[in-house]
Amino acid sequence: MILYSTNHQSDDVSLEEAVFRGLPPDNGLYMPHVIPTLPASFFEKIDTLSISEIAFEVSKALLGDDIPEEDIKTIVERAIDFDAPLVALEKDTYVLELFHGPSMAFKDFGARFMASLMSYFLQKSQKDIHILVATSGDTGGAVAQGFYKTPGIKVTILYPTGKVSDIQEKQLTTLGENVTALEVDGTFDDCQALVKAAFLDKELSSKINLASANSINISRLIPQSFYYFNAYAQLKKAGNTKPVVFCVPSGNFGNLSAGLIAQKMGLPVKMFVAATNVNNIVPKYLSSGNYEPKPSQETISNAMDVGNPSNFIRMRLLAGDAHEEVVKHIAGDFSDDTATRAAMKDVYERTQYVMCPHTAVAYLGLKSYTDTLSEEVAGVLLSTAHYAKFLDVVEETLGTSVAIPERLSALLSKEKVAIPMTKEFSNFKEYLLSL
Ligand SMILES: *Cc1c(COP(=O)(O)O)cnc(C)c1O
């Protein structure tokens with residue numbers, strides 16, 4: 001895989017370089033020059049394949065020039081060791097549950113694959129790296145779990161004190177081994193500033209092999225395409241012949257971009273729906289043709305509170321670049337917190353199915369799109385997190401207490417281990433040099 005920068009001011013790079021650099025020096029995003037199409041024979045037998053078999057076929061097509069087949073198999077099997085079941089919710093409406101990985105959010109797919117791929121490249125080159133991540137919640141948990149006990153990789157996670165939920169904090173602070181949590185006396189922006197300053201510091205970069213696990217890393221995007229194929233496979237297995245619509249609850253638009261990659265590789269998709277909360281930059285762009293970033297607003301679907309989506313350019317390029325092409329692939333919809341809560345309650349009362357706020361935004365987006373159609377379609381809404389990760393909002397909205405999965409309740413009784421850190425760079429630097 002050869003990748004270019006979307007700003008066209010940096011050189012093309014190999015997959016390995018793109019994975020360790022994360023961002024091109026010209027601040028664009030890495031994009032593959034070529035996205036191959038999978039053969040018809042793959043789609044004919046897709047309903048007989050497991051998610052990890054599908055992941056292997058897709059990865060082989062994308063990474064086959066960089067990594068031997070046997071190694072791709074090992075990388076995939078290590079990363080994708082959990083399922084993504086498709087649950088029938090109501091007529092022609094399915095929930096694609098992406099929260100069965102270790103941190104119970106879809107970011108596990110990206111984080112585990114990135115860890116598995118990095119570890120493969122590091123073993124080959126006999127190098128060690130130290131990954132720094134700032135998190136406002138979900139990313140840190142997925143990255144911590146993804147890299148946990150990965151040979152050759154140390155992970156330091158910075159999170160703002162008092163600003164992540166109890167469960168999220170426990171996910172960051174109870175692993176130990178190669179994962180260290182720093183509890184920063186500041187905001188998420190302060191945490192991000194510390195990480196940025198570390199990457200720019202000459203002394204640090206000469207002494208430590210620092211790397212980023214940023215969400216714009218290409219190795220996080222690739223594995224997110226697997227579950228679109230897997231959803232299609234499950235529909236086919238169930239005898240569905242209707243056109244398929246995917247509704248994706250979105251913030252930085254990595255997830256939706258991965259769906260477009262699957263479509264480019266030949267997956268039959270009638271339409272994607274980009275569903276957001278009131279941070280509706282992309283739905284506005286889809287209806288007007290104008291892309292106007294603005295400061296983010298807080299909502300109950302807080303993993304999607306993004307005012308300038310980092311993957312926007314990738315999404316646009318993958319969907320054909322020109323606005324009139326993009327709208328042939330992507331419809332938009334947005335919902336405020338009142339509508340989101342009403343959908344959570346309505347679906348729960350009719351079906352007993354509990355949705356997290358992000359999933360409810362997708363439910364509303366799917367309905368608003370399919371209501372405009374005259375034909376019947378199979379509507380798939382992506383459920384990006386388990387509801388128990390947003391327990392307070394869910395219980396308050398539904399007016400009842402809900403069950404917490406064993407994996408999360410076990411966490412709550414574990415002891416938090418975090419190193420307190422000020423937002424001064426000198427303290428952070430001293431800490432990194434002392435390791
Ligand atoms: C990160 C996240 C999203 C947004 O995904 P993007 O790829 O950034 O669009 C949606 N829901 C949940 C629960 C998330 O953690």
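Order of listing sets the numbers, starting from 1, for every ligand and every atom in it.
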### Task
Please lay out, stage by stage, how Y30 and R21 fare under the test side chain to side chain donor-acceptor pair (under 3.5 Å).
CA-CA 10 Å; Y30 282 124; R21 278 203 191 154; 3.3 Å; yes
### Task
Begin from the C-alpha positions of R112 and D81 and carry the test salt bridge (Lys or Arg N to Asp or Glu O under 4.0 Å) through to its verdict.
CA-CA 9 Å; R112 287 179 75 76; D81 58 353; 3.1 Å; yes
### Message
Run the side chain to side chain donor-acceptor pair (under 3.5 Å) test on S257 and N311 for me, step by step, so that the C-alpha distance in whole Å, both residues' side-chain angles and the decisive distance to 0.1 Å come before the verdict.
### Response
CA-CA 7 Å; S257 297; N311 278 296; 4.9 Å; no
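Aromatic rings of F109 and F226 (six-membered ring for Trp) have centroids beyond the 6.0 Å cut-off, not under it.
Taking every non-hydrogen atom of P249 and a distance limit under 4.0 Å, the qualifying atoms of ligand 1 come out as 10 (C). Interface of N252 with ligand 1, defined as ligand atoms under 4.0 Å from a residue heavy atom, comprises 6 (P), 8 (O), 9 (O). Listed by number with element, the atoms of ligand 1 under 4.0 Å from a non-hydrogen atom of G251 are 4 (C), 6 (P), 8 (O), 9 (O). The contact set between ligand 1 and K107, taken as ligand atoms under 4.0 Å from a residue heavy atom, comprises 1 (C), 2 (C), 3 (C), 14 (C), 15 (O). Near S250, with a cut-off below 4.0 Å to any heavy atom, the atoms of ligand 1 are 9 (O). Within ligand 1, counting atoms from 1 as listed, the ones closer than 4.0 Å to a heavy atom of A385 are 13 (C).
A heavy-atom separation below 4.0 Å is not found between A105 and ligand 1.
Here M304 has side-chain heavy atoms under 4.0 Å from ligand 1, and that is the only part of it that gets that close.
Ring pair F390/H358 is tilted by interplanar angle, where 30° to 60° counts as tilted.
Some N or O of G254 is nearer than 3.5 Å to an N or O of ligand 1, by distance alone. Inclusion of A303 in the set of residues having an N or O under 3.5 Å from an N or O of ligand 1 is not warranted.
When each of F334, F253, F312 is paired with Y285, the ring pair (Phe, Tyr, Trp, His ring centres under 6.0 Å) condition holds for F312 and for no other.
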